[in-house]
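Everything below concerns the one structure shown next.
Only this structure's heavy atoms are used, side chains among them; waters, hydrogens and symmetry mates stay out.
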Amino acid sequence: MFTPDDHRHMAYALELAARGLYTTTPNPRVGCVIVKDGQVVGEGWHEKAGAAHAEAIALEHARKQATGATVYVTLEPCAHHGRTPPCVDALLKAKPARVVAAMQDPNPLTAGRGFEQLRAAGITVDVGLMDTEARELNIGFVSRMTRGRPWVRMKVAASLDGRTALANGQSQWITGSDARRDGHAWRARACAVLTGVGTVKDDDPQLNVREVRTTRQPLRVVVDSRMQTPLAARILGPGTIIAAAGADVPRSVALRAKGAEVVVLPNHEGKVELPALLQELARRGCNEVHVEAGHKLNGSLLDEGLVDELLIYMAPCILGDTAQGMFHLPPLDSLAGRRKLKITGVSRVGEDLRMLARPA
């Protein structure tokens, strides 16, 4: 169904889409290439919400040459009005002969309607070319549209024996500077960075992006059931959310005076309802959430089935049994209860190893 040329042009469209890795949220990362008589006559990628979509930019480049051409796009052209007009309308006006899309838009406002309108106008539509790559590029957007919550990626820096901090809470720095810089790149692509109040007390982190260039900073979210975040904590300020379990009015006022927003989401145990917190972040347009927390919050998220991916950096050192582990989880009675993972990638970053894994 798809030719080598089709693969080559879609690969380039995906390359263009990836240029929006750190900027498009809450929108998906999309690239578009227009080809006529074997030559690229237009190309574009979506940079940020409110800016022109990839198809509109590519069509502007191609102009009249778009008529009768083949359009390669990494996501179904939108068929609804948002901050910009529907891309389907622009394509219908341009009259290409064929549209090749990597995947259908999971947004229910479009979800197949774009393809239907193109086919109704006599334009050939082929879907599914390099769909795995396209889905991975927008895995957070797909998660938010289909599950109502962001894609949760948990970052852990550990010793070779799986320890993340000393018994006294000291953890800076287990891994090297290259791994920390790489971790900041993963932070930069996320919409929010999530941590617990224990980490705030022990490390006083900023949890912003500093080691790589970025045009925006993710939200900073602290799970803090009893609002114990120190008022001098560096994480406080505009763009910080304190997720609490109860309404302590004086404390809320003090935290808000520091620029933070307080959101109260209690569960039946008097702690923060974590699924509700993720749903709230999705409501705010968060596609990917990057977790950098201690073993207790890590364990809670994992135990509730809220972790989609593990990003683990392992340093060539040993901290011993008294140091803290990666996850605080209930004990197992047998190996049958172990949580199985699928390793999706292993690479070396400086002196450390980086491992990506997902629940099997």
Practice prompt. Name all pairs fulfilling the ring pair (Phe, Tyr, Trp, His ring centres under 6.0 Å) condition that reach into residues 209-267, sequence neighbours left out, sorted by first residue then second.
Written response: none

Practice prompt. Using atom types as modelled and distance alone, determine if a side-chain donor or acceptor of Thr199 lies under 3.5 Å from a backbone N or O of Gly294.
Written response: yes

Worksheet item: What do you reckon, is CZ of Arg339 surrounded by more than 12 foreign heavy atoms closer than 6.0 Å?
Response: yes

Practice prompt. Verify, without hydrogens or angle tests, whether Arg180 (side chain) and Thr175 (backbone) share a donor-acceptor contact under 3.5 angstrom.
Written response: yes

Practice prompt. Locate the shortest heavy-atom distance separating Pro108 from Met145; write the atom from each residue and the value.
Written response: CD-SD, 4.0 Å

Item to complete: Would you check if Met103 and Pro106 make a side-chain contact, meaning some heavy-atom pair closer than 4.5 Å?
Response: yes

Response to the item:
Contacts of Thr229 meeting side chain to side chain donor-acceptor pair (under 3.5 Å) (sequence neighbours excluded), chain-then-number -> Asp224

Practice prompt. List the steps, then state whether side-chain contact (heavy atoms from CB on, under 4.5 Å) holds for Leu274 with Asn267.
Written response: CA-CA 8 Å; Leu274 296 174; Asn267 66 10; over 6 Å; no

Fill in: Pair Arg144-Asn287, side chain to side chain donor-acceptor pair (under 3.5 Å): steps then yes or no
CA-CA 6 Å; Arg144 182 165 67 89; Asn287 293 330; 2.6 Å; yes

Fill in: Backbone N/O of Met326 and side chain of Asn298: donor-acceptor pair under 3.5 Å
yes

Worksheet item: Any idea which heavy atoms bring Phe141 and Pro26 closest together, and the distance?
Response: CD1-O, 3.7 Å

Worksheet item: Okay, side chain of Arg135, backbone of Thr132: is any donor-acceptor separation there less than 3.5 Å?
Response: no

Worksheet item: Does the side chain to side chain donor-acceptor pair (under 3.5 Å) test come out yes or no for Ser159 and Arg163, once each step is laid out?
Response: CA-CA 5 Å; Ser159 61; Arg163 303 297 170 172; over 6 Å; no

Discussion item. Could you walk me through whether Glu288 and His290 satisfy the side chain to side chain donor-acceptor pair (under 3.5 Å) test, starting with their C-alpha distance in whole Å, then the side-chain angles of each, then the deciding distance to 0.1 Å, before giving a yes or no?
Written reply: CA-CA 7 Å; Glu288 297 181 19; His290 179 90; over 6 Å; no

Worksheet item: Is Val193 linked to Val272 within one hydrophobic cluster, defined over Ile, Leu, Val, Met, Phe, Trp and Tyr using a side-chain heavy-atom separation of less than 4.5 Å?
Response: no

Worksheet item: Looking only at atom types and distance, does a side-chain atom of Thr24 sit under 3.5 Å from a main-chain N or O of Asn27, one as donor and one as acceptor?
Response: yes

Worksheet item: Could you walk me through whether Arg220 and Thr240 pass the side chain to side chain donor-acceptor pair (under 3.5 Å) check?
Response: CA-CA 5 Å; Arg220 298 178 301 281; Thr240 298; 3.1 Å; yes

Fill in: Linked, directly or transitively: Val263 and Val291 (ILVMFWY side chains, under 4.5 Å)
yes

Worksheet entry | Closest approach of Pro28 to Leu75 (non-hydrogen atoms, all atoms of both residues) | CG-CD2, 3.6 Å

Worksheet item: Do the side chains of Arg216 and Val209 get nearer than 4.5 Å, heavy atoms only?
Response: no

Discussion item. Please report the interatomic distance OG(Ser143) to CZ(Arg149), rounded to the nearest 0.5 Å.
Written reply: 5.5 Å

Worksheet entry | Within-4.5 Å side-chain heavy-atom neighbours: Ile242 and Glu261 | no

Item to complete: Please report the C-alpha distance between Leu194 and Leu301 in whole Å, then the side-chain angles of each, then the deciding distance to 0.1 Å, and finally whether the side-chain contact (heavy atoms from CB on, under 4.5 Å) criterion is met.
Response: CA-CA 11 Å; Leu194 179 69; Leu301 288 165; 4.1 Å; yes

Worksheet item: Do Tyr22 and Thr215 have side chains that get closer than 4.5 Å, going by heavy atoms?
Response: no

Worksheet item: Within a radius of less than 6.0 Å around NZ of Lys296, do more than 12 heavy atoms belonging to other residues, nucleotides or ligands occur?
Response: no

Item to complete: Assess whether side-chain contact (heavy atoms from CB on, under 4.5 Å) is satisfied between Arg153 and Val307, documenting all intermediate values.
Response: CA-CA 6 Å; Arg153 182 180 294 110; Val307 179; over 6 Å; no

Worksheet item: In terms of heavy-atom contacts, does CG of Asn168 have more than 12 from other residues, nucleotides or ligands at under 6.0 Å?
Response: yes

Worksheet entry | Donor-acceptor contact below 3.5 Å, side chain Asn138 vs main chain Arg29 | yes

Worksheet entry | Any donor-acceptor pair under 3.5 Å from Asp204 side chain to Arg234 backbone | yes

Worksheet item: Looking only at heavy atoms, what is the nearest atom pair of Leu265 and Leu277, with distance?
Response: CD1-CA, 3.6 Å

Worksheet item: Can you tell if the side chain of Tyr313 reaches within under 4.5 Å of the side chain of Lys155, non-hydrogen atoms only?
Response: yes

Worksheet item: Which residue pairs pass the ring pair (Phe, Tyr, Trp, His ring centres under 6.0 Å) test when at least one of the two sits in residues 176-216, sequence neighbours left out?
Response: none

Fill in: Partner of Arg98 by side chain to side chain donor-acceptor pair (under 3.5 Å), out of Thr124, Asp6, Thr70
Asp6

Worksheet item: Less than 4.0 Å between a side-chain N and a carboxylate O, is that true for Glu136 and Arg358?
Response: yes

Worksheet item: Do Arg251 and Arg256 pass the side-chain contact (heavy atoms from CB on, under 4.5 Å) test, and can you show the C-alpha distance, the side-chain angles, and the key distance before you say yes or no?
Response: CA-CA 9 Å; Arg251 192 67 179 172; Arg256 290 188 177 109; over 6 Å; no

Worksheet entry | Heavy-atom closest pair, residues Ala49 and His46 | N-NE2, 3.8 Å

Worksheet item: Looking at CD1 of Ile235 and CG of Asp203, how far apart are the two atoms once the value is rounded to the nearest 0.5 Å?
Response: 10.5 Å

Discussion item. Applying ring-ring contact (aromatic ring centres under 6.0 Å, His included) to His9 and Tyr72, what does each step give before you reach the verdict?
Written reply: CA-CA 7 Å; His9 295 310; Tyr72 296 89; 5.2 Å; yes

Fill in: Joint hydrophobic cluster, Met10 plus Val99, side-chain heavy atoms closer than 4.5 Å
no

Worksheet item: Are the side chains of Leu302 and Leu329 in touch, meaning some heavy atoms are under 4.5 Å apart?
Response: yes

Worksheet entry | Any Ile123 side-chain heavy atom under 4.5 Å of Leu92 side chain | yes

Worksheet item: Can you find a pair of side-chain heavy atoms, one from Val100 and one from Val71, that are under 4.5 Å apart?
Response: no

Worksheet item: Within a radius of less than 6.0 Å around CZ of Arg226, do more than 12 heavy atoms belonging to other residues, nucleotides or ligands occur?
Response: no

Worksheet item: What's the spacing between Ser347 OG and Leu356 CG if we round to 0.5 Å?
Response: 7.0 Å

Practice prompt. Give a yes or no on this: more than 12 heavy atoms of other residues, nucleotides or ligands lie within 6.0 Å of atom CD of Glu304.
Written response: yes

Worksheet item: Would you call Arg119 and Glu116 a salt bridge, using N to O less than 4.0 angstrom?
Response: no

Worksheet item: Applying the 4.5 Å side-chain criterion to the ILVMFWY set and letting contacts propagate, would Leu129 and Val73 be lumped into a single cluster?
Response: no

Worksheet item: Side-chain heavy atoms under 4.5 angstrom apart, residues restricted to Ile, Leu, Val, Met, Phe, Trp, Tyr: same cluster for Leu297 and Val197?
Response: no

Worksheet item: Is the side chain of Thr146 donor-acceptor paired with the backbone N or O of Val142 at a distance under 3.5 Å, no angle test?
Response: yes

Practice prompt. Would you mind checking if Arg147 and Asp308 are paired as a salt bridge, meaning a charged N to carboxylate O distance below 4.0 Å?
Written response: yes

Worksheet item: Counting distance only, does the side-chain N/O of Glu76 pair as donor-acceptor with the main-chain N or O of Phe115 below 3.5 Å?
Response: yes

Fill in: Under 3.5 Å: donor-acceptor pair, side chain of Thr23, backbone of Glu47
yes

Practice prompt. Could you tell me which non-hydrogen atom of Asp105 sits nearest to which non-hydrogen atom of Asn107, and how far apart they are?
Written response: OD1-N, 2.8 Å

Worksheet entry | More than 12 heavy atoms of other groups within 6.0 Å of Leu109 CG | yes

